[in-house]
Amino acid sequence: MASVPSNFIRNIIQRDQKYYKHFGRVATRFPPEPNGYLHLGHAKSICLNFGLAAEFGGTCNLRYDDTNPAREELEYVESIKADVRWLGFDWEGREYYASDYFEQLYDFAVQLIQEGKAYVDSLSAEEIREHRGTLTEPGKESPCRNRSVEENLDLFRRMRDGEFEDGAHVLRAKIDMASGNMNLRDPTIYRIRKVAHHRTGDQWCIYPMYDYTHCISDSLEGITHSLCTLEFEDHRPLYDWVLDELAVYHPRQIEFARLNLSFTVLSKRKLIRLVTEGHVSGWDDPRMPTIQGVRRRGYPAGAIRTFCDRIGVAKRDSVVDFALLEHCVREDLNRTAPRVMGVLRPLKVVIENYPQGESEELEAINNPEDEGMGIRKVPFSRELYIEQDDFMENPPKKFFRLAPGREVRLRYAYFITCRDVIRDENGEITELRCTYDPETRGGDAPDGRKVKATLHWVSAPHAADAEVRLYDRLFNTESPGAGKGDFIEHINSDSLEVLTGCKLEPSLADAAPESRCQFERLGYFCADLRDCRPDRLVFNRTVPLRDPWAKIAKKKK
RNA sequence: UGGGAGAUCGUCCAGCGGCAGGACAACGGACUCUGACUCCGUCGACCCAGGUUCGAAUCCUGGUCUCCCAGCCA
């Protein structure tokens, strides 16, 4: 097990604690806006914030940045909580909302006005944009910039009282219209929005902006280290300005690079398109990088946490290989998922010398990685199914599964030898006639002879029928977001293959939704959260097992 | 061409003036009642140019490239 490497944020916190900054206290927060579903990018932030807090004996708050009622909904606050909890983190009741601070935020704004550091601007949005200047030219000051404190106070009060329509006025911080940093060109800190808020109802018609709200919320909560993504780097001077001018407790904002993952997209805008344009079945489609999506796909929360540890934290833009995520998923599931046998593309096998109408039970190990998971019985009979891929009539050199005249082992059962190939009128193989060696019961030959292959199988009369959904990466290119052209064009048309008539061993007949297992030799699967029922089994392929043979076979083509 | 940030194996992350290390990927081998797992091995990087120094990925100077910023979004 690789130990977690250090990172620059941990180093900062370590040093702060060593020098007794904040009396050694560490407090972080995870601050989502409740306007969408959480995805793996959020998982990185969640693991970072909660992880660091835990590591340094501190606390991590869950705080909703709910300052824009037009886009936010209660549904999202609920789903966010469920996702954070599922990921394995606990905010221990510290569930806060920026909207809970509206009154204090208002008072602080009044204070800024009184000190001549904020003013009401009556320019239109358009005019404000024109006054802002460009990246290379300084902005122009608004004619409203020098309104008296009294007038500003009056106007701001009336804004709150609902006397004006949306857009009539805004409150702006008075900083520097010539700053090279656009965020300091008198940023808007309050706007009028006559919209009901999901928590405060119609109590307010003015709402504070992110930059103004976030730093004060951090301050009020006594956050020590306020972690956010790189694009907020040039907002830090504003973060610091507000807290300095207000002369309140001042946390430190630290920025890190957001997560990018190859073969997928992690921007809210793009994820929304996937859903609304119907490229996926919904936010929890197992191909989606949303928390609900990967959960439904069968990724364990622990695997996602391990992944977040392994990708590290730094300031440079980077793209993490999707294969690392899959590795973490396999590593977790290898330890935890019970083994079962399931045949995806059944090929019937008749054991000619096995007595008609009889059956027996064989012992199978539930998880060779964990003896504690015990054993189970698997029924065996004269008619079986094996995987179509496990038989070749004219096998190439490196294929060592079943072929005419060849002997292989059926896992936990017997050695069988292929005697005959039965075809239909179209020449398609419909059935294999085999014989078994009763001496090899359990899977070993008393005479010590070896076979090259061991196949999984299911007894035909005992088999449970199932639908199996084979998922693959959603995009067929490493960075679907990059370059010109629409990322939608890079969708992998083979990202979902639905197989019906799959044959599973009977122990799976009552699989609970979301239960995970390994179909031996195939991959890890999970009973679908929504669709799997005892009368209609549905499994999702979480991730295939590593398969060197597939690689060889592919190369040959 | 304003402001901010970043450049280390194919990918991600360490390093903080003293032998460039780990993980994933790839490749080869051992083992195997899962062609899985595990184990062993191989491949492979300091953006460029100067300078300081006994010694530079690290410090200095100058370049180059990439990312972010002109919402009354967060």
Side-chain angles (χ1 to χ4, degrees), chain A residues 2-7 11 31-33 35 65-68 70-72 121 123-125 128-130 132-139 166-172 178-185 187-193 207 209-211 213-214 228-237 255 257 262 268 310-328 330-331 334-335 339 341 364-365 368-369 398-401 409-413 415 442-444 450-456 478 518-523 544-552:
Chain A
S3 64
V4 180
S6 195
N7 64 60
N11 293 343
E33 183 188 13
N35 74 338
D65 252 330
D66 56 347
T67 57
N68 187 353
R71 331 197 301 173
E72 296 154 7
D121 197 344
L123 255 30
S124 69
I128 287 180
R129 186 169 357 105
E130 285 161 1
R132 189 153 29 228
T134 68
L135 293 178
T136 50
E137 303 157 36
D166 286 12
H169 308 281
V170 292
L171 184 69
R172 293 229 256 167
S179 173
N181 183 341
M182 300 299 262
N183 296 300
L184 298 181
R185 318 245 262 228
T188 299
I189 59 178
Y190 265 94
R191 74 290 216 191
I192 301 171
R193 281 278 174 287
Y207 293 94
M209 298 285 289
Y210 166 84
D211 286 304
T213 307
H214 201 89
C228 62
T229 43
L230 250 30
E231 67 271 26
F232 292 101
E233 215 150 15
D234 356 304
H235 293 238
R236 180 160 22 98
E255 310 83 15
S262 61
K268 206 169 271 180
R310 298 232 177 120
I311 58 177
V313 182
K315 294 198 69 153
R316 101 174 84 162
D317 296 299
S318 59
V319 182
V320 175
D321 194 341
F322 194 83
L324 178 60
L325 212 209
E326 294 190 317
H327 168 81
C328 294
R330 289 193 186 101
E331 183 181 75
N334 179 48
R335 275 196 324 268
R339 271 59 168 173
M341 291 196 285
I365 295 165
E369 307 287 326
K398 284 184 176 160
F399 182 89
F400 46 83
R401 279 111 91 145
R409 170 169 38 236
L410 294 182
R411 177 140 233 226
Y412 300 122
F415 285 11
D444 283 304
K450 301 284 183 201
V451 287
K452 292 268 293 218
T454 300
L455 312 185
H456 61 278
E478 213 165 296
Q518 181 196 104
F519 289 3
E520 291 212 37
R521 305 208 305 131
L522 296 175
L545 251 28
R546 292 183 55 133
D547 186 358
W549 165 247
K551 215 174 256 182
I552 295 167

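Predicted model only: the values in this text are computed from it and were never measured. Convention: sequence-line order gives letters A, B, ...; per-chain numbering from 1.
- Residue Lys551(A) has a polar side-chain atom (N or O) positioned under 4.0 Å from OP1 or OP2 of C27(B).
- At whole-Å resolution of the value, NZ in Lys315(A) and C1' in A14(B) are 17 Å apart.
- Counting only distance, with no hydrogens or angles, the side chain of Arg411(A) and the backbone of Ala364(A) share no donor-acceptor pair below 3.5 Å.
- For G22(B), the OP1/OP2 oxygens have no side-chain nitrogen or oxygen of Arg310(A) closer than 4.0 Å.
- If you check A74(B), G35(B), A70(B) against the side chain of Arg71(A), the one that comes closest is A74(B).
- Leu184(A) has its CG atom 9 Å from the C1' atom of G3(B), to the nearest Å.
- Within 4.0 Å of Phe400(A), counting heavy atoms only, lies at least one base atom of the nucleic acid.
- Side-chain proximity of Leu135(A) to C72(B), C69(B), U34(B): nearest is C69(B).
- Regarding contacts with the backbone of U32(B), every side-chain N or O of Lys450(A) stays at 4.0 angstrom or more from both OP1 and OP2.
- Looking at heavy-atom distances under 4.0 Å, Arg401(A) makes contact with a base.
- Of the candidates C69(B), A5(B), U34(B), C69(B) carries the atom nearest the Met182(A) side chain, counting heavy atoms from C-beta on.
- Among the heavy atoms of the strands lying under 4.0 Å from Arg409(A) is at least one base atom, whether or not backbone atoms are also near.
- Note on Asn11(A): a base of the nucleic acid sits closer than 4.0 angstrom, heavy atoms only.
- Pairing of A23(B), defined by two Watson-Crick or G-U wobble distances under 3.5 Å, is identified with U11(B).
- Nucleotides G6(B) and C59(B) place their P atoms 12 Å apart, quoted to the nearest Å.
- The side chain of Asp547(A) lies closest to G35(B) when the candidates are U34(B), G35(B), C73(B).
- Counting to the nearest Å, the C1' atom of A74(B) and the OH atom of Tyr210(A) are 7 Å from each other.
- Side-chain atoms of Asn334(A) lie closest to C37(B) of the nucleotides A5(B), A70(B), C37(B).
- At the heavy-atom level, Asp444(A) lies under 4.0 Å from base atoms of the strands shown.
- The partner of G62(B), taking Watson-Crick or G-U wobble pairs whose two distances both stay under 3.5 Å, is C48(B).
- Within a 6.0 Å sphere centred on CD of Glu233(A), heavy atoms belonging to other residues, nucleotides or ligands number more than 12.
- Put simply, the side chain of Thr67(A) does not reach to within 4.5 Å of the side chain of Glu33(A), judged on heavy atoms.
- Taking atom P in both A7(B) and G15(B), one finds a spacing of 12 Å when rounded to whole Å.
- Closest to the side chain of Asp234(A), from the set C16(B), G4(B), A70(B), is G4(B).
- Atoms OG and CZ, from Ser179(A) and Arg185(A) in turn, are 6.5 Å apart once rounded to the nearest 0.5 Å.
- In this structure the side chain of Asn181(A) reaches within 4.5 angstrom of the side chain of Pro237(A), judged on heavy atoms.
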Check the interface with nucleotides 41-44 of chain B: list each N/O to N/O pair with the protein under 3.5 Å, or write none.
none

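- For A25(B) and G63(B), the C1' atoms lie 34 Å apart once the distance is rounded to whole Å.
- OP1 or OP2 of A25(B) lies within a sub-4.0 Å distance of a side-chain N or O belonging to Arg546(A).
- Contacts of Ile128(A) with the nucleic acid, taken as non-hydrogen atoms under 4.0 Å apart, include base atoms.
- Taking atom P on both nucleotides, G44(B) is separated from A5(B) by 36 Å, rounded to a whole Å.
- Regarding Glu478(A), its CD atom lies at a distance of 14 Å from the P atom of A25(B), rounded to whole Å.
- Phe322(A) comes within contact range of no nucleotide atom at all, as no heavy-atom separation falls under 4.0 Å.
- Between Arg191(A) and G71(B) there is no side-chain polar atom (N or O) within less than 4.0 angstrom of OP1 or OP2.
- One atom, CZ of Arg185(A), and another, C1' of G3(B), lie 9 Å apart when rounded to the nearest Å.
- Residue contacts for Phe232(A): at a heavy-atom cut-off of 4.0 Å it reaches a base atom on one of the strands shown.
- A donor atom on one side chain and an acceptor atom on the other are not found under 3.5 Å apart for Thr213(A) and Asp65(A).
- Look at CG on Asn183(A): it is 10 Å from C1' on G3(B), rounded to the nearest Å.
- Residues Met182(A) and Asp234(A) have side chains not in contact (no heavy-atom distance under 4.5 Å, counting atoms from C-beta outward).
- For His327(A), a side-chain nitrogen or oxygen approaches OP1 or OP2 of C24(B) to under 4.0 Å.
- Rounded to a whole Å, the CD atom of Glu369(A) is 13 Å from the C1' atom of C31(B).
- Using a 4.0 Å heavy-atom distance criterion, His235(A) is classed as a base contact.
- A sub-4.0 Å separation between OP1 or OP2 of C13(B) and a side-chain N or O of Ser6(A) is absent.
- The CG-C1' distance, from Leu522(A) to U34(B), rounds to 9 Å in whole Å.
- Within the 4.0 angstrom heavy-atom criterion, only backbone atoms of the sugar-phosphate kind lie near Arg132(A); the bases stay farther away.
- In this entry C39(B) has G29(B) as its Watson-Crick or G-U wobble partner, both defining distances falling under 3.5 Å.
- C73(B) and U64(B) are spaced 35 Å apart, taking the C1' atom of each and rounding to whole Å.
- Looking at heavy-atom distances under 4.0 Å, Glu255(A) makes no contact with the nucleic acid at all.
- Across all strands shown, Ala314(A) has heavy atoms under 4.0 Å from sugar-phosphate atoms exclusively, and none from any base.
- Rounded to a whole angstrom, the distance from the P atom of A23(B) to that of C31(B) is 24 Å.
- Taking every side-chain heavy atom of Met209(A) into account, C73(B) is the closest of G3(B), G35(B), C73(B).
- In this structure, Arg339(A) reaches the bases: a heavy-atom distance under 4.0 Å links it to at least one base atom across the strands shown.
- Contact between the side-chain N/O atoms of Arg335(A) and the OP1/OP2 oxygens of C37(B) is not found at any separation under 4.0 Å.
- Comparing the C1' positions of C19(B) and G62(B) gives an interatomic distance of 31 Å, to the nearest angstrom.
- Contact annotation for Leu545(A): base contact, defined as any heavy-atom pair under 4.0 Å involving a base atom.
- Of the P atoms belonging to G21(B) and C43(B), the separation is 12 Å, rounded to the nearest Å.
- Looking at Arg191(A), its side chain never comes within 3.5 Å of a backbone N or O of Gly167(A) through a donor-acceptor pair.
- For Ser318(A), the side-chain atoms get nearest to C13(B) when compared with the rest of U34(B), C13(B), C24(B).
- In this structure Asp547(A) satisfies the side chain to side chain contact (heavy atoms under 4.5 Å, CB included) test together with Trp549(A), Ala550(A), sequence neighbours excluded.
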